[in-house]
Amino acid sequence: MKPYLVLGCDRSASRALADLCRTGYVLPDEVEYRTLPCSGSLDVLYILRAFEQGFERVLVLSCNDDACRSLDGSRRAAQRSARARTLLSEVGVNPRCVSFRQISPTMAADLCIWLDEFVQPLPAEAEPEKAE
Amino acid sequence: MIVAERKPIAELTSRLAPYRRILVVGCNTCVAVCSAGGAKEVAVTSALLRIALGREHPETRVDETCVERQCEVEMNAELAPSLGNYEVILSMACGVGVQTLAEQFNTAVVIPALNTKFMGRPEGLGEWSERCAGCGNCVLERYAGVCPITRCSKNLLNGPCGGSANGRCEVDPERLPCAWQLIYDRWVALGQLDRYLTNEPAKDWSSSLHGGPRRIQREDIR
Amino acid sequence: MSPVSRLQSLLERREFTVSAELGPPKGPNIEVITTKIGLLRGMCDAVNVTDNQTAIVRISSAATCALLVQQGIEPIMQMTCRDRNRLAIQADLFGAVALGVRNLLCLSGDHQVFGNHPTAKNVFDLDSVQMIGMVKRLRDEGLTLGGEPVDGAMPMFIGGAANPFGDPFELQVLRALKKANAGVQFIQTQCIYDMVRFREWMKRVTDLGIPEHVHILAGVMPLKSAGAARYINNNVAGIYVPDPIVKRMSAAGKGQKARDEGIRITAEIIEQVREIPGVHGVHIMAVEWEEAVQPLTEMAGLLPRPVLAEGE
Amino acid sequence: MNELVAVIGTGYDADCAAQALRSHGFRVERIVQGPSAPFQLSTLEGYVGSFALRGFCDGSLTALSVGAVVVATGNERVPLTALKKLPQHARIVSTKQLASQLTKPASITERASRQRQHIALTIDLMTPASREATREVIDLAGQLRDKCKCEVSVLYRELQVDTDWLEKRVRDLRAAGVAFHRLQAAMPEPDAEGITIRHADGQLRADLLGVAQPVRPRRDHPALAEALGIRVGEDGYLQPFNVHLYHFGGTARKGVYLVGRCHLDTDDSGVRQDAELVASQLAVLLTVNGTQPEAVLAWVDRAKCIRCLTCIRTCPHSAVELADAEGVTAAHVLEAACFGCGMCIANCPVQAISMRGQAVPAWLQEAAP
C-alpha cells in the first residue's frame with residue numbers, strides 16, 4: 001500500500017509527468033498517480049475514499065484557470081479540494097493532508113519539485129490553518 | 001421542494017458513538033435534488049463516518065442505501081429484511097422521512113442526519129432559497145406572486161417596514177432581498193399598485209401550524 | 001370626541017408639540033427612570049417610552065409608562081408586534097389604560113437579530129397597520145379583535161411610525177395613508193437628516209391629504225460625533241446622514257465640541273421642519289443621551305412648554 | 001450531417017465569415033441579431049452537425065436546422081460625443097469621419113490639403129490601443145500625407161506594431177516625414193486658431209485633430225451568449241480567454257465558432273484570417289470524422305436519474321439535455337457535444353452518471369458506483 005496519492009488532470013499534470021519520466025525520472029515508491037480526464041471530474045468522494053483506503057495524503061493537480069478546456073474544471077477542482085479539506089478536518093484528519101496545485105503541461109520541472117515536497121513529512125503546524 | 005442541509009459531522013459522530021452497526025438511509029426525492037440526502041451525500045457521509053468512527057472501533061460497519069421517497073411506508077418496506085443487522089438507522093431524509101422510518105419500524109433507533117430547512121427552490125447551482133411557509137391559506141394572489149409571510153423577515157402583510165434600503169432587507173442585506181421591494185416592482189410592472197391601498201386584515205393563523213398539526217382528508221379518494 | 005391626552009389637546013390646539021424618548025433600564029432599576037424624568041420634565045409635552053428598543057430586553061414599556069403617570073409625566077407607550085400576539089397586546093393595553101396611559105405608538109418592532117436575544121422566536125402575529133386597526137376597534141366599537149365586548153372604556157390617542165428614508169419610497173408614502181385609513185391619529189417619523197427627501201415625502205403625504213387628519217411629528221436625533229454619523233450610514237438601513245452634516249460633525253472635532261455641534265445641527269433641522277406645513281410637532285430621540293434635550297429645546301426656541309388649564 | 005451554417009451578425013466580420021464558409025463549400029444562412037431584427041434568437045438546441053436554432057419570426061416560434069453556428073457580430077465604436085473628458089470642438093473629429101471625407105470635394109480634408117494644414121491623429125487618446133484603431137490611424141496618416149500633402153503627426157500611448165505589414169508602413173511613414181509622438185495625460189486644448197497637444201517630446205500645434213474612436217464589446221453579447229450556451233469574458237467579449245479556445249475561434253460548445261471582433265482585438269485583415277481559420281476548422285469538423293465522440297464520455301443511467309437538472313446546469317459544453325425515451329424523461333448526454341470532462345459526474349446527487357469510452361482510466365472504472 002502506497003501512502004501518497006496524486007490525482008492529476010490528464011491535460012496538464014499527466015503530460016508534465018510523462019515529460020518528466022522521459023528524462024529518466026521515476027515516481028517515488030510511496031506515490032500512486034491516478035489520472036483524471038479533467039480535474040473538473042474530481043469528486044470529493046475520490047479524496048474521502050482514498051483516506052478510507054489508507055492513503056495518508058492526497059495531492060490534486062489541475063490546469064491553470066484559463067487553461068481548462070472545460071472552463072470551470074480548475075475552479076471546481078479547487079473548490080472540491082477545499083470541501084474535502086473541510087469535511088476531513090471535521091472527522092479529525094489534518095486538512096493539510098489534501099493539497100491542491102495548478103500546473104501546465106510544460107511544468108515538468110516544477111512537478112518534480114512538488115512531488116519531492118509532497119513526500120516530505122508535513123511541517124509542524126505553526127497555527128491552525130484556516131479553512132479555504 | 002423540501003430543502004435540507006446535513007448536520008455537522010461532529011454532531012452525527014457523537015450521536016452514533018455507541019453504535020457499531022449503522023445503516024445510512026438516503027432519500028432520492030427532495031433532499032436528493034438539493035444535494036443533501038441522495039445517494040451521493042449518503043456515500044460522502046458514510047465515508048466520513050467510517051473514517052471518524054473506525055479510528056477507535058475498526059469493527060464499526062457503516063452500510064449505505066437509498067429509498068426513492070422515505071416518507072412512503074411502501075417504499076421503505078424494502079429495508080425491513082435487513083434491519084436486524086443494524087443497531088441504528090441514520091436517516092438522510094427530511095424530518096418527514098425520519099418520522100416515517102420511526103413510525104414504521106418501531107424497534108429501530110432512528111437518528112436524523114439532516115436539518116430540514118424550508119420549502120424552496122434552487123437559485124442556480126448550489127444555492128437554494130425559501131419560498132413558502134406553509135401558512136395553509138395562500139395569499140400570493142394578493143401580493144403579485146411574492147409571499148410576504150415567507151420572504152419578509154417580519155412577515156408583514158402591510159409592509160414594508162423602515163428597514164428596506166436599496167431593495168435589500170436590513171436583517172441580512174447581502175443575502176436577502178426586501179420582499180416588499182419585490183412586491184412593489186411586480187405591482188408596478190402589472191399596473192396593480194392600487195392593490196396596496198387595501199389594508200390586509202389580521203391573518204387567520206389557524207390554518208397554519210399555529211392552529212395545531214394539520215391533516216387533510218379526501219373522502220372521494222379514501 | 002374630546003381629547004384624551006395632553007398631547008392630543010395640544011396638537012388639536014395647533015401647538016407645535018415636543019416629545020422626547022426615554023429608554024428604560026435593562027432591569028428593574030427605577031432610579032434610572034427617575035433620573036431621566038428629571039432631565040425631561042418641563043422640556044417636553046410627552047415622554048415616549050420604548051418597548052424593548054432594538055430588541056434589547058428592558059423594563060417593560062407599560063410598567064415604565066405607569067411610573068411616569070405616577071410622577072405626573074405624560075407617557076406615550078410604544079408597543080411592538082415583535083414580542084406579543086394579539087392576546088398579549090390587548091391585555092397589555094387594557095392594563096396600560098387602567099393605569100392611566102392614554103397615548104399609544106404602534107410599531108412593527110426592530111427585528112430580534114439586532115438585539116441581545118438573536119435566537120428568540122419572534123411573533124409578528126399582527127403588523128403595525130393591523131395593530132392600529134385593532135386599537136381603534138377597542139376604543140371606538142368597544143370590541144376586541146376576536147369580537148367580544150371590552151369591559152370598560154379605552155380612551156386612546158393612537159400613533160404610528162413612518163420612515164420617509166426607507167425604500168421603496170412610493171410605498172413609504174402610501175403606507176402612511178394605510179395607517180391613516182386604519183385609524184392612526186399621529187405619525188412619528190424616523191430621524192430626519194436628509195431634508196430633501198423629507199420635504200419630498202411631506203409633499204407626497206400632503207398631496208394625499210394625510211396631515212388633514214393625522215398630526216405628523218418629525219423625528220430628530222442629535223449626533224454625538226462624526227463617527228456616529230458614519231456608523232448610521234454604514235449600519236442602519238433606512239436612515240441617511242447627508243455628507244454636509246457628516247463633514248460639519250468632523251470639522252467640529254471630538255468630545256463636547258462635537259456634541260455641541262450635533263445639538264446645533266439638530267436645532268437647525270427642527271427650525272426647518274417647523275416651517276413645513278403639516279408638521280405639527282417634533283419628537284426628539286436622544287437615545288441614552290437625555291441630557292441633550294434641555295439645550296436642544298432651548299436652542300430651538302421650544303421652551304417653555306405650554307401649560308394646560310385644569311380640565312383642558 | 002447538415003452543411004448549412006448560420007452566420008450571426010451584419011457588417012464586415014459577418015461578410016468575411018460567410019464568404020470564407022462559402023469558399024469551403026458550405027451553404028450559409030445569414031442571421032441578423034438585434035431588437036429590430038426579423039428573427040429573434042431564443043435558444044440553440046442540439047449539437048454540432050445537428051443544431052436547431054430557435055427563435056421568433058413575426059411573433060411565431062420557428063426553428064432553423066444548421067450544422068454549425070458562426071458568430072460574427074463585431075464590436076462597437078464609441079462615438080466621440082460619449083467621451084466625457086474630450087473637449088467637444090469643431091477642430092476635433094473622428095478618424096473615421098476624416099477618412100470618409102478624403103474623396104469628397106469641399107470637405108475639411110480638401111481644405112486642409114489646399115492650406116497645407118497640420119493634422120494630428122491619435123490612436124489611443126482615451127482607452128487602451130486596439131489593433132483596429134492602430135490600423136485605421138496608420139492608413140489615414142499615409143493617405144493624408146500622400147494625397148493631401150498635409151503635415152501629419154501620429155500620437156499614441158502604446159504603438160502596437162505587431163505585423164510585418166504595419167512595421168513597414170510605420171517605417172515608410174517616418175521616412176516620408178510623419179512625426180510619431182508618445183501622448184501625455186493632458187487632454188488636447190483647442191482654441192480659435194488651432195489645437196495644442198502635449199506629448200513626451202514637447203508639444204505641437206495642429207489645425208485638426210483626428211481621434212480614433214475607441215472600441216468596446218457589443219452590449220448585446222450577454223444575451224446572445226446565453227441564447228447560444230456560450231460565455232462572455234470579464235472584458236465583455238465573447239468566450240473568456242482560454243488557451244484551448246481563444247485563438248482558434250472556438251467556444252466551449254462544439255460547433256459554435258466566433259469570427260472577428262466579437263472575440264478578438266483585430267483589424268480587417270485579421271478578421272479575414274480569422275474567418276478563413278474558422279471555415280477550415282469547420283470543414284474538418286463537419287465531416288463524419290470530425291464529429292467523432294471523444295474517447296471519454298459521460299453516460300447517464302436513466303433508471304437512476306431524478307431529473308434534478310444539476311448536470312444540465314453544471315455542463316460547460318451544453319452537452320446534457322432532458323430527453324424522453326421509452327416513456328421516461330431523463331438526463332441524456334449528447335455524445336457529439338460532450339468533452340468527457342466529468343464535471344457532471346461529481347455534481348450528480350444520485351450518482352447516476354459515470355464515464356464511458358475507451359480512455360476511461362482503470363481506477364475510475366473500478367470506482368464507478
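Remember, predicted model here, so these are calculated numbers, not experimental data. Just so it is clear: chains get the letters A, B, ... in the order the sequence lines come, proteins before strands, and each one is counted from 1.
Around CG of D:Asp162, the count of heavy atoms belonging to other residues, nucleotides or ligands within 6.0 Å exceeds 12. Counting heavy atoms of neighbouring residues, nucleotides and ligands inside a 6.0 Å radius, atom CD of A:Gln120 exceeds 12 of them. Heavy-atom neighbours of D:Tyr47 OH from other residues, nucleotides or ligands within 6.0 Å: at or below the threshold of 12. In the displayed structure, D:Glu226 atom CD is contacted under 6.0 Å by at most 12 heavy atoms of other residues, nucleotides or ligands.
Among residues 2-13 of chain A, the residues having any heavy atom closer than 4.5 Å to a heavy atom of chain D are, in sequence order, A:Leu7, A:Arg11.
D:Met343 and A:Gly73 get closest at one heavy-atom pair: CE-N, 3.3 Å. When every heavy atom of A:Pro37 is checked against every heavy atom of D:Gly340, the shortest pair comes out as CB-O, 3.5 Å. Taking all atoms of both residues into account, the shortest heavy-atom contact from A:Thr35 to D:Trp363 is O-NE1, 2.8 Å.
Only the backbone of A:Leu42 comes within less than 4.5 Å of a heavy atom in chain D; its side chain stays farther off. In this structure, chain D has heavy atoms under 4.5 Å from both the backbone and the side chain of A:Arg69.
Taken to the nearest 0.5 Å, the CG atom of A:Asp65 stands 10.5 Å off from the CG atom of D:Asn242. One distance of note links CG of A:Asp72 with OG1 of D:Thr314; it measures 9.0 Å at 0.5 Å rounding.
The shortest distance between side-chain heavy atoms of D:Met355 and A:Ser41 falls below 4.5 Å. Looking only at side-chain heavy atoms (C-beta outward), D:His244 and A:Leu71 stay at 4.5 Å or farther from each other.
Considering only heavy-atom pairs separated by less than 4.5 Å from chain D, the leading option among A:Ser104, A:Cys38, A:Ser70 is A:Ser70.
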